[in-house]
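Working notes, beginning with the structure itself.
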Amino acid sequence: MNTLAAGWTGHDTRLILATVLAIAVIVVLISKVKLHPLLALTLGSGVLGLVAGMPVDKLLKSFTNGVGSTVASVGVLIAFGAMLGKLLADSGGADRIVDTVLGRVRGPGLPWAMALVAALIGLPMFFEIGLVMLIPVVLLVAKRSGKPVLLLGIPALAGLSVLHGLIPPHPGPLAAAGSLNANVGLTLALGLLVGLPTVVIAGPLFGRLAAKMVPDAEPPARLVPESEGTDDKHRPSFGATLSTVLLPVVLMLAKALADILADKGNPVRRVLDFIGDPLVALLLAVLVGMVVLGRPARLNRERLSSIVGDSLAPIAGIMLIVAAGGGFKQTLVDAGVGDVITSLSKGANLSPLLLGWLVAVAIRLATGSATVATVSAAGIVAPLAATLDPTHNALLVLAIGAGSLFFSHLNDAGFWLVKEYFGMSVGQTLKSWSVMETVISVVAIALILPLGALL
């Protein structure tokens, strides 16, 4: 500690104060002023640069460069993911997955089936879209089975939330991987390794406890479906749908394995490096989905074009928030904040994985946004990533993602979505949804830290 203090300068103090002030400005603007995160992150970047003493021209260049590089590396991937999710929904493929899985499960297996359905549907979809799609299914199954709604709802929410926080191609993990120059395929593989037991603990197992703690959750009657849905005559088959959903996952995992097992000059590795790149893998999945999902559903060219176009509007806000987060990250880096954080962590002998988790937790609690927490925390700890090997770099992405899910509360839009859909009071939502998010965060980091020590 004395060594750390001896190397501390007034400029370091100014940079830390600038960072704290910038984050405080972002928090207040989002939570109190109710300003859109895009504007809050932009203004927070300005405060950071000016208080840190950056020349105005350098500040503007840093922010715009960060926005541009983030959009270039992540923006198209987010768009492709939205297209695939929309194709899955409008073709009836998502309904096919739901009907097939739930048609084979009864009684005690229903919570596990709901977690599986959420995981399958949630792979290519954003949390809010997956939530809106799954809620009618959860409510219908709860009504017909007579089981408590939270016994089935918590596993579905856990499946969606874990994927949202830990698994590419969701925007948070993608943005963090881009900021930290992490291998997306390796991040995906480790994310699945951490995510599966996390879903089990926070989903079906915690769901039992949540159903006992909040036994009287009563969804609004208008939200409970009256029928099973539309005729499935023209839906794509279960096999075709599942293959389309898993195609980008398989390609990215194959690339990660090839990078580990094969030499650089190996022709198989060169092919997998191309088709397993997230951009190419998701593009191929969209093109395959247009044929494999669209043809059985009798979607003509005009309809497919409309579906693909309509998928982009809902994710424009997410994309811009991620881009502004990239601008904030680059401002942090160019101001020199990351180097100070690196020195602090080394002096305090703090694990980079634990540091990334703690920073993300703090920003999540303050702003309520998992995406803002992820991109901001990634920017703050980015210099640490340069000292890590590829495996620990990917684990750092997961640690940040885990921290970004910690204790959703009143400043999180997801909190209010869950509250209204399940007909709960604020207190009931805190005891169920908020605790579930905390369980996910804590279990995930409890798995990530030992992995970091072993690998």
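Since this is a predicted model, take the numbers as computed values, not measurements.
For the pair K61 and D334, the salt-bridge criterion is not met [side-chain N within less than 4.0 Å of a carboxylate O].
Looking at every heavy atom in both residues, L88 comes nearest to T241 through CD1-CG2, 3.3 Å. Between A176 and V397 the shortest heavy-atom distance is CB-CG1, 3.8 Å. When all heavy atoms are compared, the tightest approach of L388 to P352 is CD2-CG, 4.2 Å. Nearest heavy atoms, T187 versus P168: CG2-CG, 4.1 Å. Summarising the geometry of H409 relative to L365, their closest heavy-atom pair is NE2-O, 2.9 Å, with the distance given to 0.1 Å. Minimum heavy-atom separation, M436 to A158: SD-N, 3.7 Å.
In this structure, OG in S45 is found 6.5 Å from CG in L41, a value given to the nearest 0.5 Å.
In terms of modelled atom types and a separation under 3.5 Å, the side chain of R96 and the main chain of P236 share a donor-acceptor contact. Under a 3.5 Å cut-off, the side chain of S441 and the backbone N or O of E437 do not form any donor-acceptor pair. In terms of modelled atom types and a separation under 3.5 Å, the side chain of D263 and the main chain of G265 share no donor-acceptor contact. In this structure, the side chain of T438 does not engage the main chain of F406 through any donor-acceptor pair within 3.5 Å. The backbone N or O of A360 lies less than 3.5 Å from no partner atom in the side chain of S404, so there is not a single donor-acceptor pair. With R14 contributing its side chain and V51 its backbone, the two residues share a donor-acceptor pair below 3.5 Å. The backbone N or O of L384 lies less than 3.5 Å from a partner atom in the side chain of T387, making a donor-acceptor pair.
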Open item on the list: Before you tell me yes or no, could you show the steps for N183 and N393 under side-chain contact (heavy atoms from CB on, under 4.5 Å), namely the whole-Å CA-CA distance, both residues' side-chain angles and the distance that decides it to 0.1 Å?
Closed with: CA-CA 8 Å; N183 183 298; N393 206 352; over 6 Å; no

Task: S161 and L405: CA distance, side-chain angles, deciding distance, side-chain contact (heavy atoms from CB on, under 4.5 Å) verdict - done: CA-CA 8 Å; S161 193; L405 299 175; 3.8 Å; yes

Open item on the list: Checking L451 against L398 for the side-chain contact (heavy atoms from CB on, under 4.5 Å) test, could you report, in this order, the C-alpha distance in whole Å, the side-chain angles of both residues, the deciding distance, and whether it holds?
Closed with: CA-CA 11 Å; L451 276 177; L398 299 181; over 6 Å; no

Open item on the list: Run the side-chain contact (heavy atoms from CB on, under 4.5 Å) test on V435 and F206 for me, step by step, so that the C-alpha distance in whole Å, both residues' side-chain angles and the decisive distance to 0.1 Å come before the verdict.
Closed with: CA-CA 9 Å; V435 173; F206 175 70; 3.6 Å; yes

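Within the 4.5 Å cutoff, no side-chain heavy atoms of L29 are placed close to those of L39. Looking at V426 and K419, their side chains come closer than 4.5 Å, going by heavy atoms from C-beta outward.
Every side-chain contact (heavy atoms from CB on, under 4.5 Å) that L447 has, sequence neighbours left out, goes to V194, P197, T198, V443.
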